[in-house]
Amino acid sequence: MHVSASTVSLTVSDVHASRDFFVTHLGYEVAMADDGFCSLTRKDAGVDLVLLRKGTEVLPAEQRDREAGGLILAFTVTDLHAEETRLRAADAPITMPLREEPWGERLFQMTDPNGVVVQLVEWASPDHPEDRDQDLGARVITPSAENVTVSPNATMTGLASPSRGSAELSTWTVTMEAGATGPEHSISREQVWTVTAGVLEVTCDGRGQQVSAGQTLILPADRTRRIHAHEQVQAHVSMPSDGVASVPGTEGSRELPWAR
């Protein structure tokens, strides 16, 4: 058997929504389109897609009400980290952050408006320097500009994290200018702060405490805290990689971008 092309047909409720998702975020082009139908293609060797509206008479009667549920559409790519950075900047619906499996698979997932799960995958290669480090059980991480997050009160530089090879911990550095005060918030996991320059004042559950250069502060999980810099401060922070932040008086939680 010789296969000359591959196509996946997906039955969805809203053809236009899935079409826009694949064209905007994954580089697909519309090859053909009609009412309730759209054919998408790429110029590379990626699989072509056909989108069919649920209930269309093109489908056999017993298939018309089925949708693309329980399916993962996986694409193997190069430079997975760059793809995740690009897609986050485009506000793509990333529903599983970048992670690395013990067998050498790196991946993250998006979910399109119709619930179609798209997985981008990169496999570890012994020819890549970072992958050789992992074969030896160690990895060296060099901070870069894309790992820096600047907020109104501080600058965070991501070091180890799930997207940069760490399986369990996230670590980063914090720089705060004199007089800066962070927002009141809580973190779902324990954090360890080691101040390397300056003096921090940390208010936790209403009690204030100063932490000077050379000292380490352990902040328990789920405690409301606020951090103030008396002078320019630098600190190194670590926590379990699944920690998320919450702000009193608001619903839900959010990831820390520098710790992903």
Side-chain angles (χ1 to χ4, degrees), residues 81 84-85 88-89 91 94 96-100 108 130 133-134 137-260:
H81 186 267
E84 191 212 23
T85 300
R88 284 196 181 278
D91 292 325
I94 294 176
M96 185 181 80
L98 195 152
R99 59 190 289 175
E100 182 159 348
F108 67 92
E130 289 184 343
D133 290 342
Q134 290 201 9
R139 181 172 182 177
V140 175
I141 298 170
T142 302
S144 63
E146 66 183 13
N147 306 135
V148 177
T149 302
V150 180
S151 77
N153 307 295
T155 298
M156 280 66 63
T157 301
L159 301 174
S161 69
S163 65
R164 294 184 288 278
S166 175
E168 299 179 358
L169 292 176
S170 292
T171 65
W172 62 93
T173 60
V174 177
T175 301
M176 298 179 69
E177 296 300 323
T181 302
E184 192 174 61
H185 66 288
S186 64
I187 301 293
S188 63
R189 301 300 299 267
E190 179 183 85
Q191 285 187 338
V192 177
W193 285 63
T194 298
V195 177
T196 55
V199 179
L200 282 178
E201 181 176 337
V202 179
T203 303
C204 184
D205 286 344
R207 298 178 59 185
Q209 188 169 2
Q210 288 194 356
V211 189
S212 302
Q215 293 184 313
T216 295
L217 171 71
I218 299 174
L219 281 169
D222 298 319
R223 302 288 183 87
T224 301
R225 82 281 299 272
R226 173 167 281 169
I227 298 173
H228 172 76
H230 282 287
E231 54 191 83
Q232 188 182 61
V233 170
Q234 293 181 344
H236 184 281
V237 187
S238 62
M239 74 173 186
S241 59
D242 58 351
V244 293
S246 301
V247 176
T250 64
E251 294 184 359
S253 61
R254 67 179 183 88
E255 292 182 313
L256 305 178
W258 49 90
R260 285 199 291 253

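A distance of 7.0 Å separates CZ in R226 from OG1 in T181, rounded to the nearest 0.5 Å. To the nearest 0.5 angstrom, H230 atom NE2 is 9.0 Å from S212 atom OG. Taking CZ of R254 as the start and OG of S246 as the end, the distance is 9.5 Å to the nearest 0.5 Å. Note that the CH2 atom of W172 and the OG1 atom of T157 stand 12.0 Å from one another [nearest 0.5 Å]. Considering CG of N153 and CD of E177, their distance stands at 11.0 Å, rounded to 0.5 Å. The CD1 atom of I94 lies 4.0 Å from the CZ atom of R88; values are rounded to the nearest 0.5 Å.
Other residues, nucleotides and ligands place no more than 12 heavy atoms under 6.0 Å from the CD atom of Q209. Remark: R99 CZ is loosely packed, at most 12 non-hydrogen atoms of other residues, nucleotides or ligands lying under 6.0 Å away.
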Using the rule given for side chain to side chain contact (heavy atoms under 4.5 Å, CB included), can you reason through V148 versus T155, listing the C-alpha separation, both sets of side-chain angles and the distance that settles it, and then say yes or no? CA-CA 7 Å; V148 177; T155 298; 3.7 Å; yes
Could you walk me through whether L219 and I187 pass side chain to side chain contact (heavy atoms under 4.5 Å, CB included), step by step? CA-CA 9 Å; L219 281 169; I187 301 293; over 6 Å; no
Just do the side chain to side chain contact (heavy atoms under 4.5 Å, CB included) check on S161 and S166 with the steps written out, would you? CA-CA 5 Å; S161 69; S166 175; 5.5 Å; no
Given the rule in the side chain to side chain contact (heavy atoms under 4.5 Å, CB included) test, do T173 and Q234 qualify, once you have shown the distances and angles that lead to the verdict? CA-CA 7 Å; T173 60; Q234 293 181 344; over 6 Å; no
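In this structure, the side chains of I227 and W193 come closer than 4.5 Å at one or more pairs of heavy atoms. A heavy-atom distance below 4.5 Å is not found between the side chains of L200 and Q215. For the pair L256 and M239, the minimum side-chain heavy-atom distance is below 4.5 Å. I218 has its side chain within reach of E190: a pair of non-hydrogen atoms, C-beta onward, lies under 4.5 Å apart. Contact annotation: the side chain of R225 approaches that of H185 to within less than 4.5 Å [non-hydrogen atoms, C-beta and beyond]. Two residues are said to be in side-chain contact when any heavy atoms from C-beta on lie closer than 4.5 Å; N147 and H81 meet this criterion. For the pair V195/L217, no side-chain contact is recorded, criterion being any heavy-atom separation below 4.5 Å from C-beta on. The side-chain heavy atoms of T224 and D205, taken from C-beta on, include a pair separated by under 4.5 Å.
The main-chain N or O of G182 is never found under 3.5 Å from a side-chain atom of H228 such that the two would form a donor-acceptor pair. Between the S188 side chain and the V244 main chain, a donor and an acceptor come within less than 3.5 Å of each other. No donor-acceptor pair under 3.5 Å is formed between the side chain of S238 and the backbone N or O of T171.
Heavy atoms only, all atoms of each residue included: F108 and M96 are closest at CB-O, 3.3 Å. Considering all non-hydrogen atoms of both residues, E184 and P248 come closest at O-CD, 3.4 Å. In terms of heavy atoms, T149 sits closest to P257 at OG1-CB, 4.2 Å. Taking both residues in full, the closest heavy atoms of S170 and A259 are given as OG-O, 2.6 Å, listed atom of the first, atom of the second, then distance. Considering all non-hydrogen atoms of both residues, A229 and M176 come closest at CB-CB, 3.9 Å.
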